[in-house]
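Owing to the predicted nature of the structure, the values given are computational and were not obtained by experimental measurement.
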Amino acid sequence: MYRFQSSVRLLKIPVLRKALISSALVLYSKDIFVAYFPIFAKEYDIPTSSIGWIIAIQGFAIILVRFFLNALTEKLGRDRVLIISVFIAGISFLFIPFTENIFILGALSALIGLGLGCGQPLSMTTTFNASPKSRTGEVLGLRLASNRLSQLIAPAFFGLVGSWLGIFSVFFISGTFLIGGLFAIKPHKKRKLAS
């Protein structure tokens, strides 16, 4: 019990808490897209092969962006890249229900992939850097636990949302959560000392 309380106290570290929130947001969003996009696409009678390609495009974008991630973080800074990437993914989620065009859906899927592809490694790096040196393993375990918790809660929550409000609402709410999550993960501006 003491060990659990000790681990939970680590959440008092603001940078660590933000890294865990961003990690959970990114991971559940990826799962939600893969789970619910085929259901959404079938509403528009999009062929199964096209659904597969659209999901595959997202996976490719997630891989591709990681080759440029180092250059992006050096140019813009880690925090800014994380915020921009989550924002892009969130906006793309919001636009999905407005189109049935396969090419536009493919482009939105790619944008979601680019956004989520930046978010995962950046949150992992931030988690590692924010952890006390003697407790890195414990912190990474905490990250894993928070990710699994989001993967447990999200499908149940969005399953209820989808059954009550329709499959389109899943994308609206998921996009809203991503954009709303920016307020939880954005870094605090350092106050300038009065001269």
Side-chain angles (χ1 to χ4, degrees), residues 4 8 11 16-62 65 82-124 127 142-186:
F4 174 75
V8 170
L11 296 175
L16 180 58
R17 189 171 58 247
K18 290 175 184 182
L20 294 176
I21 291 169
S22 63
S23 177
L25 280 171
V26 165
L27 194 65
Y28 98 78
S29 298
K30 185 168 158 276
D31 291 346
I32 289 300
F33 184 86
V34 172
Y36 286 95
F37 180 74
I39 302 169
F40 163 81
K42 278 298 177 187
E43 296 271 330
Y44 286 127
D45 295 321
I46 294 173
T48 305
S49 58
S50 298
I51 295 170
W53 276 110
I54 289 167
I55 292 172
I57 285 168
Q58 184 184 110
F60 178 72
I62 287 172
V65 76
L82 180 60
I83 287 168
I84 291 170
S85 65
V86 172
F87 180 76
I88 287 171
I91 288 292
S92 300
F93 260 97
L94 290 176
F95 279 126
I96 283 175
F98 290 107
T99 184
E100 57 186 282
N101 183 286
I102 291 171
F103 298 105
I104 295 174
L105 289 170
L108 291 171
S109 179
L111 287 172
I112 291 171
L114 293 172
L116 300 183
C118 287
Q120 262 184 319
L122 289 177
S123 66
M124 169 71 97
T127 302
L142 198 59
R143 177 182 183 269
L144 207 57
S146 67
N147 285 348
R148 295 298 168 260
L149 184 63
S150 75
Q151 287 178 308
L152 173 70
I153 294 170
F157 172 74
F158 284 104
L160 288 172
V161 166
S163 64
W164 287 341
L165 303 174
I167 195 67
F168 304 99
S169 64
V170 169
F171 295 94
F172 284 125
I173 293 172
S174 190
T176 303
F177 278 173
L178 277 169
I179 294 169
L182 292 174
F183 293 101
I185 66 175
K186 70 176 182 179

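- Using the six-membered ring where Trp is involved, Phe40 and Phe168 have ring planes that are perpendicular, over 60° apart on the 30 and 60° scheme.
- Residue Phe158 holds its CZ atom at 11.5 Å from CG of Leu165, rounded to the nearest 0.5 Å.
- When side chains are defined from C-beta on, Leu94 counts as touching Ile179, because their heavy atoms get closer than 4.5 Å.
- Considering CD1 of Ile88 and CZ of Phe93, their distance stands at 14.0 Å, rounded to 0.5 Å.
- Looking at Phe157 and Phe177, their side chains come closer than 4.5 Å, going by heavy atoms from C-beta outward.
- Residue pairs that meet the side chain to side chain donor-acceptor pair (under 3.5 Å) test with at least one member in residues 31-49, sequence neighbours left out, are Asp31-Gln151, Lys42-Thr48.
- Counting only heavy atoms from C-beta outward, the side chains of Phe171 and Phe33 approach each other to under 4.5 Å.
- A 4.5 Å side-chain heavy-atom check between Ser29 and Val86 finds every atom pair outside the cut-off.
- Minimum heavy-atom separation, Leu182 to Ile83: CD2-O, 3.5 Å.
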Please table the atom pairs, donor to acceptor, closer than 3.5 Å between any side-chain atom in residues 104-121 and protein atoms at least two apart or in another chain.
unit_1: Ser109; atom_1: OG; unit_2: Ile54; atom_2: O; d: 2.7
unit_1: Gln120; atom_1: OE1; unit_2: Arg66; atom_2: NH2; d: 3.0

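- With values rounded to the nearest 0.5 angstrom, Ile57 atom CD1 is found 9.5 Å from Phe103 atom CZ.
- Here the closest non-hydrogen pair linking Ser150 and Pro155 is O-CD, 4.1 Å.
- Heavy atoms of other residues, nucleotides or ligands lying less than 6.0 angstrom from CZ of Phe172 number more than 12.
- The CG atom of Leu144 lies 11.0 Å from the CG atom of Leu20; values are rounded to the nearest 0.5 Å.
- Pairs engaging residues 86-98 under the side chain to side chain donor-acceptor pair (under 3.5 Å) rule: none recorded [sequence neighbours left out].
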